[in-house]
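Residue numbers begin at 1 in each chain, while the letters A, B, ... track the order of the sequences.
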2 protein chains.
Amino acid sequence: MTFVFNTFAPMSQYSSATICALATAPGIGAIAIIRLSGEKAIEICNTVFKGKDLAQVDTHTVHFGTIRDGDKIIDEVLVSIFKGKQSFTGENSVEISTHGSPYIQQKVIQLLLKNGAQSAGPGEFTLRAFLNGKLDLSQAEAVADVIAANSETSHELAMSQMRGGFSNEIKKLREQLIHFASLIELELDFGEEDVEFADRDDLKKLVTQLNNALISLIKSFDYGNVIKSGVPVAIIGEPNVGKSTLLNALLNEERAIVSDIAGTTRDVIEDEIIIDGISFRFIDTAGIRETTDTIESLGIEKTFEKLDQASIVLLLVDAAEITRKQLITDVQKIKDRIEGQNKRLIIIANKVDMADSKVAIESKFEDIEHVIYISAKQKDNVVAIEKTLFKFVQSGALNNDVVVTNVRHFEALTKAHEALIKVLEGLDVNITGDFLAMDIRQALHFLGEITGEITTDDLLDNIFSKFCIGK
Amino acid sequence: MTFVFNTFAPMSQYSSATICALATAPGIGAIAIIRLSGEKAIEICNTVFKGKDLAQVDTHTVHFGTIRDGDKIIDEVLVSIFKGKQSFTGENSVEISTHGSPYIQQKVIQLLLKNGAQSAGPGEFTLRAFLNGKLDLSQAEAVADVIAANSETSHELAMSQMRGGFSNEIKKLREQLIHFASLIELELDFGEEDVEFADRDDLKKLVTQLNNALISLIKSFDYGNVIKSGVPVAIIGEPNVGKSTLLNALLNEERAIVSDIAGTTRDVIEDEIIIDGISFRFIDTAGIRETTDTIESLGIEKTFEKLDQASIVLLLVDAAEITRKQLITDVQKIKDRIEGQNKRLIIIANKVDMADSKVAIESKFEDIEHVIYISAKQKDNVVAIEKTLFKFVQSGALNNDVVVTNVRHFEALTKAHEALIKVLEGLDVNITGDFLAMDIRQALHFLGEITGEITTDDLLDNIFSKFCIGK
């Protein structure tokens with residue numbers, strides 16, 4: 001009996017046609033890139049290109065010429081040639097650099113289609129890179145994350161994953177497990193003879209160790225996920241405590257920092273601030289703005305829904321007006337709602353400039369945790385909120401270089417972990433090798449799904465359909 | 001005395017720094033290109049690039065590697081190297097192909113700036129191509145037109161100009177004139193001796209010939225301008241004749257034709273239709289839509305203003321309701337307003353399906369020119385309007401391969417033409433060589449401004465400031 005782990009599902013549904021698509025952002029620019037990949041990429045480009053004979057040129061060279069539809073010149077272009085395994089996709093590829101006019105982009109693509117190319121689907125270039133063994137699946141997924149990353153930390157995580165950091169960790173775990181799996185499978189081949197090639201104590205030690213590594217990765221997902229998507233923050237409080245003033249103070253500060261390089265857009269999401277490379281998104285700010293502090297109140301269900309979506313809750317109170325009794329009730333109300341969830345609560349004591357004395361306020365807030373005293377209107381101490389936001393997220397970061405950011409990986413890791421728990425339970429009650437082998441295979445299967453050693457057409461469709469066209 | 005025509009104004013204000021900018025459209029795409037040009041382009045890129053030593057590579061080659069800020073990897077990139085005269089700008093150039101994330105674009109540009117590059121101004125790459133003698137001025141201007149062209153005809157004109165078609169025509173005319181100018185200048189050197197090296201009859205023949213060529217080019221501007229900017233069309237008519245129905249019928253047909261290639265946007269301007277490669281823009285359609293045919297009426301000044309902006313006027317009438325007397329009055333009113341202007345009037349007889357009989361209508365419209373019978377509601381015969389629109393523009397096209405599309409060229413040609421008229425007048429009254437020489441020099445000056453043999457910093461600033469950054 002042989003045990004084949006490294007099998008690809010049949011890729012029958014993926015065509016081997018030569019594909020083409022616009023690879024640069026749509027719209028007008030100085031330059032646009034149209035990309036071709038497939039066996040006939042160079043041949044198809046050669047039929048519409050007038051300049052050097054592209055069939056004769058070296059890989060990784062650039063050639064000036066014109067793209068022509070019959071006698072008609074569509075554009076003067078630069079054509080870059082990438083051959084076979086040395087290209088991103090692992091197959092012949094051409095990048096046509098045209099003038100950045102939507103009219104020309106469309107004309108060139110139409111011409112390529114007419115000459116035998118097909119429109120690329122979303123992520124099809126990266127899918128081919130995966131199918132041709134240039135990237136594993138988790139690296140391919142990271143390509144989309146790299147493009148979408150909009151803060152330093154999310155960019156770093158995606159870049160590390162694209163460069164194989166995460167895959168290497170998974171592969172290392174998987175190889176150790178495969179070693180033991182092979183020994184147990186060997187036992188099964190000698191089934192009648194009751195031999196033990198795989199030492200059960202060693203196996204238990206290894207599985208425990210693997211399992212701890214998985215748990216650490218699984219735990220990193222909470223952090224990884226907020227880094228990737230931004231940390232959801234809710235600002236709540238009674239009417240007229242200054243919620244919209246605080247929001248504006250936080251956002252305006254950010255706007256002033258955002259550097260402005262001519263010709264680039266920094267896709268700043270409205271109502272997002274980036275603190276030391278980590279993005280914080282304010283939830284339902286439309287609510288805060290539209291109501292201008294009049295409708296919303298702590299008691300209503302809408303506020304509770306906001307709490308449910310948030311990772312960090314800013315409870316804003318009027319430090320001058322609120323009574324200690326009310327304060328304790330409000331804080332308790334929120335604590336009850338978020339109990340047992342991994343959420344952080346910060347109390348913002350606003351309008352300290354309106355209070356009679358500092359002492360009066362501080363005595364009111366005695367024994368209450370995580371209080372920040374500010375005046376949103378005077379923009380006083382707002383920076384302390386930012387520091388605290390950052391600190392809370394940082395403290396959630398594990399001492400782990402590898403962070404899981406992808407929900408698919410999180411699920412596969414969780415399933416692998418469950419299978420390993422079964423292995424450990426099995427070892428405790430001395431179950432036979434064939435049952436152990438089954439659970440180990442399960443764990444291997446789920447780990448293999450992450451890097452793509454185990455895959456299906458459906459899984460690939462699901463992953464790559466989320467990519468943009470041209471990648 | 002020597003006669004120097006080919007002098008550039010001093011370019012002191014243009015820096016020789018190495019410039020960089022995003023060259024692809026802003027926003028998210030699969031790939032973005034950041035462009036560097038200048039003496040130190042390769043050197044600067046080399047300091048942040050880890051891969052092959054770029055100082056050692058050949059021109060027109062592509063290299064895989066990483067862009068790093070210290071130890072931090074910003075992106076995996078492809079770098080294309082273009083050396084000196086062989087690049088677009090005529091100086092060392094590098095194109096860095098990054099992942100198409102705005103975050104990465106910004107980081108890479110920041111890094112290049114930190115390492116000695118400067119942000120490029122609008123059109124600065126093309127300006128350098130001009131200053132380094134890679135393009136003449138009219139070709140450089142055409143680069144922006146090529147990028148902006150959004151119809152087949154405007155694209156063809158811009159492409160022909162970028163490839164030198166227009167410049168060659170101007171240069172040919174100018175060279176012939178320079179020949180005679182030199183002979184006359186020579187006469188001036190022998191001033192006291194009353195010689196005539198330049199035969200006056202030959203000169204008159206040549207100047208007349210040149211002048212005719214200029215007139216033909218000047219005349220082509222009307223056509224060239226509508227091709228470049230689109231043909232402005234006004235739809236006018238009394239309330240409730242169906243103006244907005246007609247507009248929608250025309251626009252909807254177009255929308256259905258616009259082909260849709262995934263990943264590209266065809267920058268369709270709202271309220272524009274493209275017929276056989278020529279763009280027609282409907283004027284003040286907001287007025288038509290908002291008023292839903294109730295406020296606007298033929299008598300008001302607003303309608304007359306629309307007439308003034310239009311090249312083609314569609315007068316829409318209710319074929320069933322209108323009386324012959326009213327019809328004749330309306331048509332006359334418009335004809336009076338547009339008299340002597342190069343405008344076309346088409347009468348659209350709408351609602352023919354509501355009329356009692358075909359005969360009744362046709363007798364009503366007897367002797368009226370350019371009538372098209374339609375039912376906008378039934379979308380009946382709307383296509384006949386499109387055919388007529390196209391025919392009117394085509395008939396304006398001269399039998400001339402070279403068409404002037406640029407208002408700056410139009411003005412320079414007109415001034416050169418005026419100078420030549422003076423030369424002809426001078427020849428008729430036998431003025432002396434020094435006066436002739438002055439007028440010829442004027443004509444040469446204005447022709448030289450077109451291709452950039454004569455230029456000033458202000459002129460260049462004015463031209464290139466209209467470019468996009470990165471081009």
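With a threshold of 4.5 angstrom between heavy atoms, A23(B) approaches chain A through its backbone and through its side chain. Of the two parts of F125(A), neither the backbone nor the side chain holds a non-hydrogen atom closer than 4.5 Å to a non-hydrogen atom of chain B. Contact annotation for L78(B): only side-chain heavy atoms (C-beta onward) come within less than 4.5 Å of a heavy atom of chain A. I147(B) touches chain A through backbone and side chain together, each having a heavy atom under 4.5 Å away. Of the atoms belonging to F88(B), not a single heavy atom falls under 4.5 Å from chain A. In this structure, the portions of T61(A) lying under 4.5 Å from any heavy atom of chain B include both its backbone and its side chain.
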Fill in: I31(B) vs E95(A), side-chain contact (heavy atoms from CB on, under 4.5 Å): CA-CA, chis, key distance, verdict
CA-CA 11 Å; I31(B) 294 176; E95(A) 287 180 11; 3.8 Å; yes
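In this structure, Q86(B) and F64(A) have side chains that are not in contact, with every pair of non-hydrogen atoms separated by 4.5 Å or more. Using a 4.5 Å cut-off on side-chain heavy atoms (C-beta onward), H63(A) and H60(B) make no contact.
Residue P26(B) comes nearest to A25(A) through the heavy atom pair O-CB, 3.7 Å, listed as atom of the first residue, atom of the second, then distance. Listed here is the closest heavy atom pair of A30(A) and C468(B): N-SG, 4.1 Å. Annotation for E152(B) and Y103(A): closest pair CA-OH, 2.9 Å, computed over non-hydrogen atoms.
We find the CD1-CG distance between I104(B) and N150(A) to be 11.5 Å, quoted to the nearest 0.5 Å.
Identified by a heavy-atom distance below 4.5 Å to chain B, the contributing residues of residues 65-74 of chain A are T66(A), R68(A), K72(A), I73(A), I74(A), in residue-number order.
Within 6.0 Å of NZ on K85(B) lie more than 12 heavy atoms contributed by other residues, nucleotides or ligands. The 12-atom threshold is not exceeded at NZ of K52(B), counting heavy atoms of other residues, nucleotides or ligands nearer than 6.0 Å.
Interface remark: of the candidates M162(A), K107(A), E156(A), M162(A) forms the most heavy-atom pairs closer than 4.5 Å to chain B.
In terms of the side chain to side chain donor-acceptor pair (under 3.5 Å) criterion, residue partners of D75(B) (sequence neighbours excluded) are, by chain and number, H99(B).
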